[in-house]
Amino acid sequence: MNKEQILNVVEKLAESGYKFQSEENKSHSLRERTSSGQILLTFKDGFLDLCVVRIRRRLDYTQEETDFLNKIAHSLFYYHEHYIDFEYKPKDEKELEETFKFLIEHYN
């Protein structure tokens, strides 16, 4: 996916009432923040190169949340004191939109 496609997903979600803060860095990255997580997207030659998801660490994940995280996590989970990070590689715009929605609805 290219940067424009991802920005379209972000814009569509914002128009639908999903609340998050977008930061676009001139050095080829986007950061989408919610109150308890963020997605960092970096680009190389205009296309998505790396996507890292950070969510607030907690002890009471539901089975649905656990299954979802296991489905989208591309690599190992990295546990920090208050956060969990993992790499994510969205297949397409639809999957990215669904992932944003789930993260906002369940980890916000």
Side-chain angles (χ1 to χ4, degrees):
M1 281 191 294
N2 64 34
K3 192 174 189 177
E4 188 174 298
Q5 289 172 301
I6 293 171
L7 288 171
N8 286 338
V9 168
V10 169
E11 190 174 303
K12 182 178 177 182
L13 288 169
E15 289 172 358
S16 297
Y18 287 92
K19 304 232 185 271
F20 49 88
Q21 178 185 19
S22 292
E23 297 173 21
E24 187 171 354
N25 187 320
K26 292 180 183 174
S27 64
H28 312 290
S29 69
L30 291 173
R31 182 182 312 264
E32 305 300 333
R33 295 179 190 237
T34 66
S35 61
S36 62
Q38 65 181 330
I39 298 178
L40 176 64
L41 306 117
T42 58
F43 300 87
K44 184 175 183 180
D45 299 326
F47 290 94
L48 183 62
D49 183 46
L50 176 66
C51 178
V52 176
V53 176
R54 172 175 278 184
I55 57 172
R56 189 175 306 274
R57 187 174 177 184
R58 51 180 225 243
L59 300 175
D60 61 346
Y61 294 106
T62 66
Q63 187 62 48
E64 178 188 20
E65 292 167 337
T66 301
D67 292 344
F68 181 79
L69 292 174
N70 284 327
K71 182 179 93 174
I72 69 167
H74 179 71
S75 67
L76 298 174
F77 290 86
Y78 299 96
Y79 294 92
H80 306 281
E81 185 174 351
H82 299 288
Y83 293 95
I84 299 171
D85 292 343
F86 59 90
E87 288 183 32
Y88 165 57
K89 293 195 184 248
K91 292 183 290 190
D92 54 27
E93 291 175 70
K94 183 179 186 320
E95 182 185 282
L96 182 63
E97 181 178 348
E98 290 171 1
T99 300
F100 270 124
K101 285 180 182 179
F102 192 90
L103 292 171
I104 291 169
E105 291 169 359
H106 290 87
Y107 303 101
N108 213 1

Novice: Can you tell me how far apart NZ (Lys101) and OG (Ser16) are? Round to the nearest 0.5 Å.
Specialist: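 OG of Ser16 is found 6.0 Å from NZ of Lys101.
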Novice: Let me see the working for Glu23 and Arg33 under side-chain contact (heavy atoms from CB on, under 4.5 Å), right down to the final yes or no.
Specialist: CA-CA 8 Å; Glu23 297 173 21; Arg33 295 179 190 237; 2.9 Å; yes
Novice: By side-chain hydrogen bond (donor to acceptor under 3.5 Å, both in side chains), which residues pair with His80, not counting sequence neighbours?
Specialist: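 For His80, the residues satisfying side-chain hydrogen bond (donor to acceptor under 3.5 Å, both in side chains) (neighbours in sequence not counted) are Asp85.
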Novice: Mark yes or no for whether Ser29, through its side chain, and Asn25, through its backbone, hold a donor-acceptor pair below 3.5 Å.
Specialist: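 No; zero donor-acceptor contacts below 3.5 Å.
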Novice: Can you list the residues that meet the side chain to side chain contact (heavy atoms under 4.5 Å, CB included) rule with Asn2, with sequence neighbours excluded?
Specialist: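 Applying side chain to side chain contact (heavy atoms under 4.5 Å, CB included) to Asn2 gives Glu4, Gln5, Phe47.
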Novice: Rounded to the nearest 0.5 Å, what's the gap from NZ on Lys3 to CG on Leu30? Could you check?
Specialist: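 Separation between the atoms: 5.0 Å.
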Novice: Would you mind checking if Lys91 and Glu95 are paired as a salt bridge, meaning a charged N to carboxylate O distance below 4.0 Å?
Specialist: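 Looking at Glu95 and Lys91, the cut-off is met.
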Novice: If I take atom CD from residue Glu98 and atom CG from residue Leu13, how far apart are they, to the nearest 0.5 angstrom?
Specialist: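 Glu98 CD to Leu13 CG: 10.5 Å, rounded to 0.5 Å.
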Novice: So which pairs with a foot in residues 37-51 pass side-chain hydrogen bond (donor to acceptor under 3.5 Å, both in side chains), sequence neighbours left out?
Specialist: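 Listed once each, the pairs are Arg31-Gln38.
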Novice: State whether Glu93 and Lys12 are salt-bridged, where the test is any N-O pair (Lys NZ or Arg NE/NH1/NH2 against Asp/Glu carboxylate O) under 4.0 Å.
Specialist: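 Answer for the salt bridge query: no.
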Novice: Is the shortest heavy-atom distance from the side chain of Phe20 to the side chain of Ile104 under 4.5 Å?
Specialist: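 Touching, per the 4.5 Å side-chain cut-off.
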Novice: Distance from Leu50 atom CG to Lys89 atom NZ, nearest 0.5 Å?
Specialist: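 If I round to the nearest 0.5 Å, the distance is 7.0 Å.
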Novice: Has Glu65 got a side-chain atom pairing as donor or acceptor with Thr62's backbone, closer than 3.5 angstrom?
Specialist: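 At least one qualifying donor-acceptor pair exists.
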Novice: Give the C-alpha distance, both sets of side-chain angles, the deciding distance and a yes or no for side-chain contact (heavy atoms from CB on, under 4.5 Å) between Tyr83 and Arg57.
Specialist: CA-CA 5 Å; Tyr83 293 95; Arg57 187 174 177 184; 5.5 Å; no
Novice: Looking at CZ of Phe86 and CD1 of Ile72, how far apart are the two atoms once the value is rounded to the nearest 0.5 Å?
Specialist: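 Answer rounded to 0.5 Å: 4.0 Å.
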Novice: Determine, for Asp92 against Lys94, whether the closest basic-nitrogen to carboxylate-oxygen distance falls under 4.0 angstrom.
Specialist: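 Salt bridge between Asp92 and Lys94, a charged N being under 4.0 Å from a carboxylate O: no.
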Novice: Just verifying a value: how many Å separate Ile6 CD1 and Glu97 CD, rounded to the nearest 0.5 Å?
Specialist: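 It is 13.0 Å, given to the nearest 0.5 Å.
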